[in-house]
Colleague: 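Quick one: the structure is below, and I'll ask about it shortly.
Proteins get letters first, then strands, A, B, ... in listed order; numbering begins at 1 in each.
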Number of protein chains: 2
Amino acid sequence: MISLAEENYLKSIYHLSQAGSQSVLTNELAEAMNTKAASVTDMIKKLSTKEFISYEKYYGVNLTTKGKVVALSVIRKHRLWETFLVEKLGFSWDEVHEVAEQLEHIQSKRLIEKLDEYLGFPKVDPHGDPIPDTNGKIKALQQVMLASLKPGAASMIVAVKDSDSQLLKYLDKIGARPGKTIKVIEREEYDGSMEVSINNQRFFLSKEVSENILVNA
Amino acid sequence: MISLAEENYLKSIYHLSQAGSQSVLTNELAEAMNTKAASVTDMIKKLSTKEFISYEKYYGVNLTTKGKVVALSVIRKHRLWETFLVEKLGFSWDEVHEVAEQLEHIQSKRLIEKLDEYLGFPKVDPHGDPIPDTNGKIKALQQVMLASLKPGAASMIVAVKDSDSQLLKYLDKIGARPGKTIKVIEREEYDGSMEVSINNQRFFLSKEVSENILVNA
DNA sequence: ATATTATTTTAGACAAGCCTAAAATAATAT
DNA sequence: ATATTATTTTAGGCTTGTCTAAAATAATAT
């Protein structure tokens, strides 16, 4: 059996290894998990013994195939639950993360199959992130940062990187939801900020915000 | 904060104190929780310090008002989730218990409110058990055992005591679901068995089974 | 009234998952 | 090439929730 803590570590390792393409380092993981490096080392040993990760002392960890299966199954559950919360229970976009963090650990194959069916086998969650299938296959989206678009370019928002509640609230307010089309009016080279239009309304976005919005390539 | 284990103990204490009307004894609790008496004593001390229960050494425990609130909130969540699983996801009656045991521990007031609303504020769960309201008020049903009915009497099934999966499967097969009307045709005094009719079909029920079916008084 | 039996509690241990402080190793700067 | 700094690991400890074995208490039978 795999514990809740173990599942969370594997999920974090997966996300971190998607971001940077190196091995995941102890300190990165400690920060992501909101814990101390020493605790991470302890857990790394356990996960390594159980063959969920491969681990070279001082040089970080990588998921094994077995570990990736677990991570993707947790992510699948997380994203299906988020979809449920938004589509069926009427949660807003920015409220679902915390609850889904809990729901993703419910152990029941049947439940997830039924939920998937009930939701009509969605391919992406409310943030636009792809939902892995039963076998852990995940469709890599062709995504680029809004920040990289040139003035005049328009594209569909597919996801938001950060899951910070403040950011999500803000994006929700200005209508920057996945599925929406966003157009770059102008971009200031000196600070990376940009003026964009969504729903025919204009907004100024800071560099930080525009780097957190992902659009179709 | 209250832990998962603590919630489960409080729930068990509540159920046991509903059954027998005495204080709940260490051994009863150990059996219900599938653990050893020594472990129960340990936990009892913790719950007592936190004032969820009152405890007199060697003479068992009782829930305090504070403890009852927690227990009823867990039971409310359990029953709402069971309703969801059956009504929305198409689980059958006898499959929901295990999953609901996990779902009942999700911490999110908002989630439960939304779920309640989504289900149309149900008053009873799929087993016919009453669902406590937000304030922990629970409507005591006027229930009697089917076993106590006299030949010729008919009444509506409101609940099933045991949550043993075998029993639930059997009852499902013969159509003995909450809401159904059941009529006693005959009763054998020497072994307590009875012949009944449900949906105009006749069945023989052993004493054990007829004591597990609760009907409107 | 006392001895036997059943129940409950105490004592001491263990695994999981975390911590702090100190030691070991790697990376970087001179 | 070596010293300094940053990162990671080790060592030892804590809490939660469990266990077994032994001691204490209560219930029951004679």
Side-chain angles (χ1 to χ4, degrees), chain A residues 1-14 16-17 19-63 67 70-71 74 101-102 104-105 107, chain B residues 1-14 16-17 19-63 67 70-71 74 101-102 104-105 107:
Chain A
M1 251 297 82
I2 184 154
S3 74
L4 193 142
E6 287 171 337
E7 284 194 348
N8 281 331
Y9 270 92
L10 293 175
K11 187 182 54 155
S12 258
I13 294 168
Y14 179 86
L16 290 171
S17 63
S21 60
Q22 306 277 338
S23 289
V24 175
L25 303 176
T26 304
N27 262 4
E28 296 179 59
L29 203 40
E31 195 183 354
M33 298 292 302
N34 237 292
T35 182
K36 296 301 158 72
S39 310
V40 171
T41 303
D42 285 349
M43 182 55 95
I44 278 175
K45 285 182 192 161
K46 286 171 200 161
L47 292 173
S48 187
T49 306
K50 293 189 176 180
E51 295 184 309
F52 289 121
I53 58 178
S54 59
Y55 166 47
E56 215 185 327
K57 258 194 185 181
Y58 294 100
Y59 292 95
V61 302
N62 284 99
L63 288 176
V70 174
V74 175
E101 288 286 299
Q102 297 179 61
E104 73 190 8
H105 299 291
Q107 307 290 141
Chain B
M1 249 299 80
I2 184 155
S3 74
L4 193 142
E6 287 170 338
E7 283 193 351
N8 281 331
Y9 270 92
L10 293 176
K11 188 182 54 154
S12 257
I13 294 168
Y14 179 86
L16 290 171
S17 64
S21 60
Q22 306 278 340
S23 289
V24 175
L25 302 176
T26 304
N27 261 5
E28 294 179 61
L29 203 39
E31 195 184 354
M33 300 289 302
N34 236 294
T35 183
K36 297 300 157 72
S39 311
V40 171
T41 303
D42 286 347
M43 181 55 95
I44 277 175
K45 284 183 193 161
K46 287 170 200 161
L47 292 172
S48 187
T49 305
K50 294 188 175 180
E51 295 183 308
F52 289 120
I53 59 177
S54 60
Y55 166 46
E56 216 186 327
K57 258 191 183 182
Y58 294 100
Y59 292 94
V61 302
N62 283 99
L63 289 176
V70 174
V74 175
E101 289 285 299
Q102 297 180 61
E104 73 190 8
H105 299 291
Q107 305 291 141

Colleague: Answer yes or no: does a side-chain N or O of B/T35 lie under 4.0 Å from OP1 or OP2 of D/dC19?
Modeller: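 It does, given that an N or O in the side chain of B/T35 lies less than 4.0 Å from OP1 or OP2 of D/dC19.
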Colleague: Should B/Y55 be listed as having a side-chain N or O under 4.0 Å from OP1 or OP2 of C/dT8?
Modeller: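 Checking C/dT8 against B/Y55, no side-chain N or O comes under 4.0 Å of OP1 or OP2.
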Colleague: Using only side-chain N and O atoms of A/T41, determine if any of them is under 4.0 Å from OP1 or OP2 of D/dT10.
Modeller: no
Colleague: Rounded off to whole Å, could you give me the CG-to-C1' distance for the A/N27 and C/dT25 pair?
Modeller: 14 Å
Colleague: Closest to the B/M43 side chain: D/dA21, D/dT8, D/dT18?
Modeller: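 For B/M43, the side-chain atoms sit closest to D/dT18.
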Colleague: What dot-bracket string describes DNA chain C from 5' to 3', counting Watson-Crick and G-U wobble pairs whose defining distances are under 3.5 Å, with [ ] for crossing pairs and | for pairs to another strand?
Modeller: ||||||||||||||||||||||||||||||
Colleague: For the pair made of CD in A/E56 and P in C/dA24, what is the distance, rounded to whole Å?
Modeller: 21 Å
Colleague: At less than 4.0 Å, is any side-chain N or O atom of A/K57 found next to OP1 or OP2 of C/dA26? Yes or no.
Modeller: no
Colleague: If the cut-off is 4.0 Å, is B/Y9 near the phosphate of D/dT18, judged by side-chain N/O to OP1 or OP2?
Modeller: yes
Colleague: Quick check on DNA chain C: between B/T26 and A/S3, whose nearest nucleotide comes earlier from the 5' end?
Modeller: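 It is B/T26, whose closest nucleotide lies nearer the 5' terminus.
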Colleague: If you assign each of B/K50 and B/K36 to its closest nucleotide in DNA chain D, which residue comes earlier from the 5' end?
Modeller: B/K50
Colleague: In this structure, how many angstroms lie between the C1' atom of C/dA27 and the CD atom of A/Q22, rounded?
Modeller: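 Rounding to the nearest Å, CD of A/Q22 and C1' of C/dA27 are 15 Å apart.
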Colleague: Using a cut-off of strictly less than 4.0 Å, decide whether A/Y59 has a side-chain nitrogen or oxygen near OP1 or OP2 of D/dT9.
Modeller: no
Colleague: Tell me whether the side-chain N/O atoms of B/S39 come closer than 4.0 Å to OP1 or OP2 in D/dG17.
Modeller: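 False: B/S39 side-chain N/O out of range (4.0 Å or more) of D/dG17 OP1/OP2.
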Colleague: Quick one: B/L25 CG to D/dT25 P, roughly how many Å, whole number?
Modeller: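 Going from CG in B/L25 over to P in D/dT25 covers 18 Å.
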Colleague: Can you tell which of B/H105, B/E104, B/Q102 makes a side-chain contact (heavy atoms from CB on, under 4.5 Å) with B/L4?
Modeller: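 The passing option is B/H105.
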